Amino acid sequence: MIGVIGAGAFGTALAITLARKGTPVRIWARDPATVEAINTRKEAPRLPGVRLPEGLTATTDLAEVTQAQTLLLAVPMQALSGMLAQIDAPLAGKRLVACCKGIDLATLTGPTAVIASAKPEATPAVLTGPSFADDIARGLPTALTLACGDDATGAEIQAELSGTTLRLYRTTDTTGAELGGALKNVIAIACGACIGEGLGDSARAALMTRGFAEMTRLAVRLGAQQQTLGGLSGLGDLALTCSSELSRNYRFGLALGRGEPFDNALTVEGVKTAEAVTRLGAKLGVDLPICAMVNEVSTGDTSVAEAITYLLNRPLKEE
Ligand SMILES: NC(=O)C1=CN([C@@H]2O[C@H](COP(=O)(O)OP(=O)(O)OC[C@H]3O[C@@H](n4cnc5c(N)ncnc54)[C@H](O)[C@@H]3O)[C@@H](O)[C@H]2O)C=CC1
Ligand SMILES: O=C(CO)COP(=O)(O)O
């Protein structure tokens with residue numbers, strides 16, 4: 001059995017793909033109505049139109065899910081630490097796989113460090129890369145990165161989670177994998193704002209490329225391997241998220257650029273990540289101008305037009 005904590009779009013999509021290959025999956029939802037929909041109607045509230053397979057059952061009882069040896073933690077980044085604090089079952093020997101993308105604002109650390117601090121007896125890992133929950137749930141081909149500091153455990157998790165439509169690549173560079181996944185959301189907001197403001201595809205390509213330079217600069221400064229940023233968890237996810245209106249981060253940026261309201265019930269990880277990396281960059285002396293502008297535009301301190309003017313008029317430099 002695999003346990004999934006969080007019955008949002010991503011947690012449910014992963015649960016579906018695992019159950020389809022015959023792995024029993026128990027998913028925890030905090031909302032009894034979600035449990036009822038999954039168990040009785042075989043429907044997932046966050047994935048309308050997808051019929052859930054047999055072998056996937058839900059519960060509001062965390063203890064039932066934490067019996068599994070591998071637990072997928074699919075709650076938003078800022079909820080991860082509070083979620084871990086609710087688990088009182090012993091977790092020695094268990095694998096805790098973070099499925100969230102972001103940086104914890106309280107500690108300015110990524111998901112694996114949050115897990116290691118809260119549950120030092122367990123092995124932390126992170127599952128990240130380019131994938132929309134809806135694509136995974138529909139069984140469309142997807143390739144992701146599984147990062148685990150302990151390579152032998154990483155290989156076991158890789159085999160456990162991979163299937164005929166979900167292919168996992170493996171790395172021990174947790175820092176690089178999780179920073180790529182966190183930062184691409186910030187750059188996606190910038191790209192959405194650029195398109196929403198009517199600035200064109202050339203400007204978007206520039207933001208993606210210079211955004212990638214910021215992602216790499218911060219990640220390498222924090223100990224990541226540069227090549228990890230060029231993989232699925234970095235460049236791969238950047239390409240997807242900056243170019244598709246299926247992305248909530250990109251759509252949030254589009255709304256900013258168009259001056260339209262946005263549904264704040266949607267999970268848009270890049271907003272808090274922009275705040276976290278701006279603080280981290282200032283603390284470490286790492287230059288992250290696009291991230292800083294996304295932070296200012298998201299909080300309403302700067303308009304999209306002012307942010308673009310600022311970025312275009314910075315002192316000229318080598319690439
Ligand atoms: N939706 C997608 O296509 C993908 C999402 N992700 C990542 O997965 C993570 C979760 O995103 P989604 O599933 O899309 O979001 P979602 O908004 O669909 O679901 C979030 C889930 O977390 C639960 N939750 C929220 N706050 C909580 C708290 N304080 N305590 C306990 N549970 C809480 C909600 O009830 C909901 O079930 C994010 O970090 C996102 O970046 C990663 C890849 C793809
Ligand atoms: O992480 C994702 C794609 O890899 C999902 O993107 P959004 O969170 O922007 O919807």
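Counting starts at 1 for both ligands and their atoms, in listed order. Treat the numbers as computed from the prediction; the structure is a model and nothing was measured. The figures here come from the full heavy-atom set of this structure, side chains too, leaving out hydrogens, waters and symmetry mates.
- Taking only nitrogen or oxygen atoms, main chain and side chain alike, F10 reaches within less than 3.5 Å of ligand 1.
- For C100, heavy-atom contacts with ligand 1 shorter than 4.0 Å involve the backbone as well as the side chain.
- Across E269, R248, R46, heavy-atom proximity to atom 12 (P) of ligand 1 is greatest for R248.
- Considering both main-chain and side-chain atoms, T267 never comes within under 3.5 Å of ligand 2 through any nitrogen or oxygen pair.
- In terms of polar-atom proximity, L240 is not counted as a contact of ligand 2, lacking any N or O under 3.5 Å from an N or O of the ligand.
- The part of S131 lying near ligand 2 is the backbone, judged by heavy-atom distances below 4.0 Å.
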### Task
Evaluate the criterion salt bridge (Lys or Arg N to Asp or Glu O under 4.0 Å) for residue pair R26 and E64; output intermediate values, then yes/no.
CA-CA 8 Å; R26 198 92 169 114; E64 288 181 27; 2.2 Å; yes

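- Contact between C99 and ligand 1 is present, with at least one heavy atom of the residue lying under 4.0 Å from the ligand.
- For R30, every heavy-atom contact with ligand 1 shorter than 4.0 Å involves the side chain, none the backbone.
- Under 4.0 Å from ligand 2, not a single heavy atom of E245 appears.
- Taking each of M77, M83, Q78 in turn, the one with a heavy atom nearest to atom 31 (C) of ligand 1 proves to be M83.
- Taking a 4.0 Å cut-off on heavy atoms, G82 fails to register as neighbouring ligand 1.
- For R248, a nitrogen or oxygen atom sits less than 3.5 Å from a nitrogen or oxygen atom of ligand 2, counting backbone and side chain alike.
- Proximity annotation for atom 23 (C) of ligand 1: of G270, G8, G102, P76, P76 comes nearest, heavy atoms only.
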